[in-house]
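All heavy atoms count here, side chains included; hydrogens, waters and symmetry mates do not. Here is how names work: the chains are called A, B, and so on, in the same order as the sequence lines, proteins then strands, and each is numbered from 1.
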Amino acid sequence: MSEILRTTYAAEIADAETGSEVVLGGWVSRSRDMGGVIFFDLRDPSGLVQVVLDPAELPVGAELKMEYCVKVTGRVQARPEGTQNKDLATGLVEVNASDVEVLSASDVLPFMVDDRLNVDELIRLRYRYLDFRRPTMAANLKARAKATAAMRRSLDDMSFMEVETPTLIASTPEGARDMLVPSRLQQGSFYALPQSPQIFKQLLMVGGIDRYFQFARCYRDEDFRSDRQLEFTQLDIEGSFWDEEAVMQTIETAVSAGVAAVRGEAPSLPIPRMTWTEAMHRFGSDKPDLRFGMEINDLSGVFSETEFKGFSGAIADGGSVRGINVGPRDFSRSALDKLIDQAKSLGAKGLVWAFCEEGTWRSPVAKFLSDGEKEAVIAQLEAVEGDLMLIVAGPTRNALEVLGQLRVDLGQPTGHEELRFVWITQFPVFDVHEDGGLSPAHHPFTQPESIDQMINDPENAFARAYDLVLNGSELGSGSVRIHDPVVQTQVFDTLGISPEERESRFGWFLEALRYGTPPHAGFAVGVDRLLAILVGASSIRDVIAFPKTQRGIDPLSGSPSLVDNDQMIELGLDLRPEVKAALAEKEDSND
RNA sequence: GGGGGCGUGGUGAAGUUGGUUAUCACGCCGGCCUGUCAAGCCGGAGCCCGCGGGUUCGAGUCCCGUCGUCCCCGCCA
């Protein structure tokens with residue numbers, strides 16, 4: 001038996017010299033036994049190649065069934081005239097086998113390894129290792145590796161240093177729910193898994209590690225979405241003596257290298273910018289999808305004198321009337337009713353729809369409006385015959401958000417081939433809650449544009465924060481950080497954090513800021529989201545090797561799992577009675 | 001926590017207003033075939049319809065509950 005398990009990959013056979021001997025290793029994709037001759041497609045990580053075999057060459061008892069792992073020794077030959085397969089990259093050649101060795105048999109498969117067939121995702125995850133043999137998944141993981149390698153190279157070229165920060169850290173009850181790990185040595189205490197390396201990277205700046213980056217695994221114990229998992233990867237970056245320009249240029253360079261590695265073509269730089277205020281007014285969203293128009297218009301001027309109570313009331317209350325032109329759409333009455341219901345569920349009092357017909361409106365509210373008003377709306381929305389117009393009146397912020405959501409739902413993006421990046425800048429410092437409470441719109445280490453404004457008029461204060469948006473998806477965010485402990489203290493105060501709480505939770509960090517902290521700024525790019533968009537996946541699960549289901553379960557390994565009582569004792573833990581009872585009940589129903 | 005979709009042999013699907021042995025394709029098993037390539041041909045096995053309860057003479061089909069999965073809202077500083 002030869003020591004050589006493989007000399008050549010399948011894809012290389014296309015260019016291999018006719019007559020040369022090769023040794024291939026891979027899996028039987030499909031076999032076609034013609035009686036006097038056997039063909040099979042051998043798949044390895046590079047692709048497929050056809051192997052021709054005289055049945056006499058097959059060892060007695062050996063079989064070539066799907067997904068058997070085989071070693072093939074043979075000679076490269078051109079396919080006979082008329083038998084070439086133009087659908088196959090290696091379709092002009094084949095390997096005439098002198099020996100086929102079954103290295104490893106396969107049980108009957110739970111699903112066929114074939115990209116053309118749909119397979120339930122739960123089964124794919126249960127047998128993820130077979131899923132990897134499907135060319136699409138293999139290509140996704142490869143794209144991810146290529147992109148991260150390119151970004152790492154790019155950052156290295158720019159003299160950034162990769163530093164690993166701890167994943168067992170102290171819990172900070174701000175923001176998302178922490179994933180917790182019980183401590184054995186300090187019973188009763190818990191580590192938190194980091195939601196981001198935020199504080200640690202700022203400490204690196206204090207320490208003079210000028211240019212830092214890290215592909216950081218981050219954890220947030222919140223509910224799942226197609227673009228959210230408990231654990232995810234961020235390309236985390238921070239630099240000292242930086243302002244937002246330096247950050248954005250660096251991110252553009254690194255991300256663009258990642259895009260080029262996958263797409264073969266870098267996006268055109270610089271990435272356009274838009275303030276948060278502009279994004280909200282034009283698109284009703286802080287992550288606008290720029291692959292299509294359908295922008296929001298302010299129609300308040302048109303209706304300043306209107307008799308229609310639905311509009312005049314909103315304007316009188318300090319709100320406004322906003323509208324979008326959905327374009328030529330043929331909506332049934334029930335479909336329009338659904339849109340109205342949706343608008344209401346988003347907080348709108350109502351939704352006015354109108355079709356542009358013969359220069360005027362076909363709409364339930366047409367009779368309440370003057371001809372001049374209807375024509376002016378048509379003009380402002382640039383509507384033409386057959387276009388559907390949607391109008392929302394109310395508090396401006398709400399009207400914008402409702403239309404922004406409808407815009408995304410009704411818009412028809414051009415597909416994932418087109419990449420529309422945009423920077424969103426100048427975010428508000430705080431989100432204002434209905435009860436008047438404030439929470440940081442970004443995180444509490446973000447530098448306000450003006451301290452005075454933040455203290456005296458926090459609701460209208462803007463921050464030196466910016467998001468990177470791609471095709472309507474938030475790819476990441478960053479900010480210029482606070483490097484002055486006095487300012488940082490003021491922000492905590494404005495958030496209503498008491499001095500005692502501030503000292504106990506952030507005292508060590510505030511102390512660090514007192515030792516000559518350089519101005520610094522940074523960013524974090526969501527690697528999973530970036531890759532999902534680049535490969536055209538509808539979920540980040542398709543670019544994560546071993547993702548979890550919506551309920552946080554790994555169908556393959558069975559995590560999370562109960563642990564032995566001994567382990568619990570070592571940790572000084574016990575389950576709450578109601579949890580024990582629920583587990584016992586579940587146990588019973590399983591029996 | 002809430003709203004919605006889905007759950008039929010190993011896989012993907014069909015199943016008409018509830019009505020006799022639940023359909024198809026791929027896969028699987030056996031056989032034939034020297035140029036196939038999502039091979040073809042012949043034969044065969046395999047599902048009582050996620051689970052529980054109910055309505056009915058009768059349920060995959062209707063109702064309730066439950067579990068799983070996916071999408072969305074909340075949540076994600």
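Atom CE of A:Met66 and atom P of B:rU11 are 14 Å apart (whole Å). Rounded to whole angstrom, the span from the CG atom of A:Leu125 across to the P atom of B:rG68 amounts to 16 Å. Note: CG (A:Leu122) to C1' (B:rC67) measures 12 Å, nearest angstrom. Atom CZ of A:Arg116 and atom P of B:rA13 are 17 Å apart (whole Å). Look at CE on A:Met112: it is 11 Å from P on B:rU11, rounded to the nearest Å. Rounded to whole Å, the distance from CD on A:Glu121 to C1' on B:rC70 is 8 Å. As a whole-Å value, the separation of A:Asp223 CG from B:rC75 P is 11 Å. Remark: P of B:rG35 and CD of A:Gln50 are 12 Å apart, rounded to the nearest angstrom.
The residue A:Pro444 sits close to a base: some heavy atom pair falls under 4.0 Å. A:Asn85 comes within contact range of at least one nucleobase, with a heavy-atom separation under 4.0 Å. Counting any heavy atom pair closer than 4.0 Å across all strands shown, A:Ser226 reaches sugar-phosphate atoms only and no base atom. Across all strands, A:Arg124 comes closer than 4.0 Å to no nucleic acid atom at all (heavy-atom distances). Residue A:Glu94 is classed as a base contact, given a heavy-atom separation below 4.0 Å to a base. Across all strands shown, A:Gln84 has heavy atoms under 4.0 Å from base atoms, whether or not it also approaches the sugar-phosphate.
You'll find the ring centres of A:Tyr127 and A:Phe132 outside the 6.0 Å limit. Taking the six-membered ring where the residue is Trp, the centroids of A:Tyr466 and A:Phe427 are separated by 6.0 Å or more.
Residue pairs meeting the ring pair (Phe, Tyr, Trp, His ring centres under 6.0 Å) criterion with at least one partner in residues 35-76 of chain A, sequence neighbours excluded, do not occur; the list is empty.
B:rG9 and B:rA22 are spaced 11 Å apart, taking the C1' atom of each and rounding to whole Å. Atom P of B:rU11 sits at a distance of 15 Å from the matching atom of B:rG27, rounded to the whole Å. Comparing the P positions of B:rC33 and B:rC42 gives an interatomic distance of 16 Å, to the nearest angstrom. B:rG15 and B:rA25 have their C1' atoms separated by 15 Å, with the value rounded to a whole Å. A gap of 11 Å separates the P atoms of B:rG60 and B:rC51, to the nearest Å. The gap from the P atom of B:rA13 to that of B:rC6 amounts to 12 Å, rounded to the nearest Å. A distance of about 11 Å separates the C1' atoms of B:rU23 and B:rU8, rounded to the whole Å. Spacing of P atoms, B:rG10 relative to B:rU17, comes out at 28 Å, to the nearest Å.
Toward the 5' end of RNA chain B, the nearer of the two residues A:Arg79 and A:Ile123, judged by each one's closest nucleotide, is A:Ile123. Ranked by how close their nearest RNA chain B nucleotide is to the 5' end, A:Gln550 and A:Arg529 are led by A:Gln550.
Just one residue in the list A:Gln202, A:His443, A:Gln447 forms a side-chain hydrogen bond (donor to acceptor under 3.5 Å, both in side chains) with A:Arg481, and that residue is A:His443.
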Test salt bridge (Lys or Arg N to Asp or Glu O under 4.0 Å) on A:Asp131 and A:Arg134; report intermediate values, then the result. CA-CA 5 Å; A:Asp131 204 25; A:Arg134 288 157 48 110; 3.1 Å; yes

What verdict does the salt bridge (Lys or Arg N to Asp or Glu O under 4.0 Å) test give for A:Asp289 and A:Arg407, after you've listed the backbone C-alpha separation in whole Å, the side-chain angles of each residue and the deciding distance to 0.1 Å? CA-CA 9 Å; A:Asp289 190 339; A:Arg407 174 183 177 273; 6.0 Å; no

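No hydrogens or angles were tested; on distance alone, a donor-acceptor pair under 3.5 Å links the side chain of A:Arg228 to the base of B:rC76.
Pair check for B:rU36 finds none; no Watson-Crick or G-U wobble contact set falls under 3.5 Å. Across all strands shown, nothing is found opposite B:rU56 as a Watson-Crick or G-U wobble partner with both distances under 3.5 Å.
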Between the protein and nucleotides 39-45 of chain B, which nitrogen or oxygen pairs are less than 3.5 angstrom apart?
{"unit_1": "B:rA39", "atom_1": "OP2", "unit_2": "A:Arg32", "atom_2": "NH1", "d": "3.1"}
{"unit_1": "B:rA39", "atom_1": "N6", "unit_2": "A:Asp33", "atom_2": "O", "d": "3.0"}

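Ring-to-base geometry does not place A:Phe111 in a stacked arrangement with B:rU11 (centre distance under 5.5 Å, plane angle under 30° required).
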